[in-house]
**Student:** 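Here it is, the structure, as structure tokens.
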Amino acid sequence: MTAELNDATLAQRLAQGTGEILKGVRNVGLLRGTELGKAGDALAQDWIARSLVQHRPNDAMLSEEAEDDLSRLDNSRVWIIDPLDGTREYAGGRQDWAVHIALVENGKIIEAAVGMPDLGRVFSSSEVRAVEGARTNRLVISQNTTPAIAEFIAEDLGMELVTMGSCGAKAVSVILGDNDAYVHAGGQYEWDNAAPVGIAQAAGLHTSRLDGTDLCYNCESPYLPDLVISRPDMADKILASAAKFHDKHGAYSL
């Protein structure tokens with residue numbers, strides 16, 4: 001394929017194609033557990049990298065599965081990707097794993113796609129819309145850790161805590177109206193949340209750090225300590241509750 005692709009279409013196709021590769025590797029049944037996850041990560045990373053070299057040779061890339069080349073800091077356009085977010089869920093046959101593809105320009109996300117392969121869907125910033133409806137009164141958090149601040153916010157606001165795997169899956173659950181908000185503390189990296197934040201922003205949701213400051217990407221250190229994605233009518237309450245936790249403990253993460 002040599003036709004020129006715009007950024008939105010390229011992001012969508014990268015997410016879709018990566019999902020198909022990962023499902024194919026898993027479905028033949030030759031690998032399982034850790035080895036399945038390693039194989040999926042490696043094959044998906046290689047295909048994405050080759051595709052970007054062909055279609056966007058002048059852009060930089062930041063990926064969980066590749067060595068960080070800091071020359072990206074001198075490039076205004078950087079693809080931030082996680083070929084397989086939720087390796088444990090993927091290898092365990094669950095559905096809450098995702099493919100993250102984001103394009104950042106001058107620190108801001110301009111295109112994003114989150115593939116949910118087992119749902120047969122790619123959520124793209126060019127067309128995603130949040131589902132409007134009544135609040136569910138649910139706060140989604142990581143399946144692997146329960147941040148103290150999330151427990152505090154849930155108790156403070158009378159919300160139910162629910163758990164899911166991939167950051168992309170959690171962001172999608174808020175977009176679809178299954179949960180009112182997603183809170184993370186204790187550390188992520190840019191590839192963990194750039195694409196989920198990108199589609200959440202495009203859907204009209206609130207996205208920020210727990211102190212309310214804006215998220216910035218393609219930083220020298222890709223570490224991002226905390227994150228909030230929420231429906232707009234819950235954002236002020238969640239941030240106010242997070243501030244109360246901070247006032248009490250002196251930090252957002254314990």
Side-chain angles (χ1 to χ4, degrees), residues 62 64 80 82 85-86 96 98 100 102 104 107-109 112 114 123 125 128 130 135-254:
L62 172 64
E64 180 178 21
I80 302 180
D82 189 344
D85 187 63
D96 51 343
H100 295 175
V104 169
K108 302 295 183 182
I109 303 165
V114 171
F123 295 84
S125 58
V128 68
R135 295 178 184 173
T136 64
N137 215 33
R138 291 195 291 262
L139 177 64
V140 65
I141 61 172
S142 171
Q143 164 175 294
N144 300 319
T145 59
T146 302
I149 192 170
E151 292 183 318
F152 179 91
I153 292 171
E155 183 175 355
D156 187 37
L157 301 182
M159 301 180 76
E160 175 190 358
L161 284 177
V162 296
T163 62
M164 295 182 72
S166 164
C167 179
K170 291 189 280 283
V172 165
S173 78
V174 180
I175 290 172
L176 295 179
D178 296 331
N179 297 299
D180 290 341
Y182 163 40
V183 166
H184 184 85
Q188 287 181 334
Y189 291 89
E190 292 186 15
W191 50 76
D192 290 313
N193 62 45
V197 165
I199 62 169
Q201 290 175 345
L205 301 183
H206 170 88
T207 65
S208 73
R209 297 278 304 278
L210 278 167
D211 64 1
T213 57
D214 291 338
L215 296 152
C216 184
Y217 294 92
N218 194 33
C219 301
E220 182 173 359
S221 170
Y223 181 73
L224 273 172
D226 49 68
L227 171 70
V228 177
I229 295 176
S230 81
R231 47 186 294 161
D233 58 359
M234 286 293 294
D236 287 345
K237 292 181 179 180
I238 290 171
L239 293 176
S241 184
K244 287 198 292 185
F245 180 91
H246 183 273
D247 290 343
K248 182 177 180 179
H249 299 285
Y252 289 100
S253 178
L254 298 178

**Student:** Could you check whether Ser173 and Asp178, counting side-chain N and O atoms only, form a donor-acceptor pair closer than 3.5 Å?
**Tutor:**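 Result is no, nothing qualifies.
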
**Student:** Test: salt bridge (charged side-chain N to carboxylate O under 4.0 Å, His left out). Region: residues 198-211. Which pairs qualify, not counting sequence neighbours?
**Tutor:**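 Pairs touching residues 198-211 that pass the test: Arg209-Asp226.
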
**Student:** For a quick test of reading the model, state the closest non-hydrogen atom pair linking Ile229 to Ala200 and the distance between them.
**Tutor:**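 Closest pair (atom of Ile229, atom of Ala200, distance): CG2-CB, 3.8 Å.
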
**Student:** For the residue pair Ala98 and Val114, what are the closest heavy atoms and their distance?
**Tutor:**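 Closest pair (atom of Ala98, atom of Val114, distance): CB-CG1, 4.0 Å.
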
**Student:** Looking at every non-hydrogen atom in both residues, tell me the closest pair between Ala181 and Val174 and how far apart they are.
**Tutor:**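 Result for this residue pair: C-CG2, 3.8 Å.
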
**Student:** So, do Asp85 and Cys167 sit near enough that their side-chain heavy atoms are less than 4.5 Å apart?
**Tutor:**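 Yes; the side chains approach each other to less than 4.5 Å.
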
**Student:** Please report the C-alpha distance between Ile153 and Leu139 in whole Å, then the side-chain angles of each, then the deciding distance to 0.1 Å, and finally whether the side-chain contact (heavy atoms from CB on, under 4.5 Å) criterion is met.
**Tutor:** CA-CA 9 Å; Ile153 292 171; Leu139 177 64; 4.1 Å; yes

**Student:** Please tabulate, for the side chains in residues 184-197, all donor-acceptor contacts under 3.5 angstrom to protein atoms that are two or more places apart in sequence or on a different chain.
**Tutor:**
from   : atom 1 : to     : atom 2 : distance (Å)
His184 : NE2    : Gly187 : O      : 3.0
Gln188 : OE1    : Asn193 : ND2    : 2.8
Gln188 : NE2    : Tyr182 : OH     : 3.0
Glu190 : OE1    : Asn218 : N      : 2.7
Glu190 : OE2    : Asn218 : N      : 3.3
Glu190 : OE2    : Cys219 : N      : 3.0
Asp192 : OD2    : Tyr189 : N      : 2.7
Asn193 : OD1    : Tyr217 : OH     : 2.7

**Student:** Find the distance between NE2 (His100) and CG (Asp82) and round it off to the nearest 0.5 Å.
**Tutor:**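 Spacing of NE2 (His100) from CG (Asp82) equals 6.0 Å.
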
**Student:** Once you round to the nearest 0.5 Å, how far does CD1 of Ile109 lie from OG1 of Thr207?
**Tutor:**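 If I round to the nearest 0.5 Å, the distance is 7.0 Å.
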
**Student:** Of all residues at least two apart in sequence or in a different chain, which pass the side chain to side chain contact (heavy atoms under 4.5 Å, CB included) check with Asp233?
**Tutor:**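 Asp233 satisfies side chain to side chain contact (heavy atoms under 4.5 Å, CB included) with Arg135, Arg231 once adjacent residues are dropped.
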
**Student:** Which atom names give the shortest non-hydrogen contact between Ile175 and Ala203, and what distance separates them?
**Tutor:**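 In this case the closest contact between Ile175 and Ala203 is CG1-CB, 4.1 Å.
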
**Student:** Count the heavy atoms of every other residue, nucleotide or ligand shown that sit under 6.0 Å from CG of Asp236, and state whether that count exceeds 12.
**Tutor:**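 No, not enclosed.
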
**Student:** Roughly how far apart are Glu64 CD and Ile80 CD1, rounded to 0.5 Å?
**Tutor:**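 Spacing of CD (Glu64) from CD1 (Ile80) equals 13.0 Å.
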
**Student:** Write out all pairs satisfying ring-ring contact (aromatic ring centres under 6.0 Å, His included) with one or both partners inside residues 225-254, taking only residues at least two apart or from two chains.
**Tutor:**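 Applying ring-ring contact (aromatic ring centres under 6.0 Å, His included) to every pair that reaches into residues 225-254, excluding sequence neighbours, yields Phe152-Phe245, Phe245-His249, His246-Tyr252.
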
**Student:** Restricting to side chain to side chain contact (heavy atoms under 4.5 Å, CB included), what partner residues turn up for Thr136, sequence neighbours left out?
**Tutor:**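 So Thr136 forms a side chain to side chain contact (heavy atoms under 4.5 Å, CB included) with Arg138, Asp180.
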
**Student:** What pair of heavy atoms forms the shortest contact from Val183 to Ile141, and how long is it?
**Tutor:**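 For Val183 versus Ile141, the nearest heavy atoms are O-CG2, 3.8 Å.
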
**Student:** Dump the intermediate steps for side-chain contact (heavy atoms from CB on, under 4.5 Å) on Thr213 and Ser208, then the final yes or no.
**Tutor:** CA-CA 6 Å; Thr213 57; Ser208 73; over 6 Å; no

**Student:** Just grab all the salt bridge (charged side-chain N to carboxylate O under 4.0 Å, His left out) pairs involving residues 144-160, residues at least two apart or on different chains.
**Tutor:**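 Applying salt bridge (charged side-chain N to carboxylate O under 4.0 Å, His left out) to every pair that reaches into residues 144-160, excluding sequence neighbours, yields Asp156-Lys244.
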
**Student:** Taking atom CD of Gln143 and atom CG of Asp96, what is their separation to the nearest 0.5 Å?
**Tutor:**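 If I round to the nearest 0.5 Å, the distance is 5.5 Å.
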
**Student:** For residues Ser230 and Leu205, report the shortest heavy-atom separation together with the two atoms involved.
**Tutor:**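 Looking at all heavy atoms of both residues, the shortest contact is O-CB, 3.4 Å.
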
**Student:** Keeping Lys170 on the side-chain end and Gly165 on the backbone end, is there a donor-acceptor pair under 3.5 Å?
**Tutor:**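 Such a contact is found between Lys170 side chain and Gly165 backbone.
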
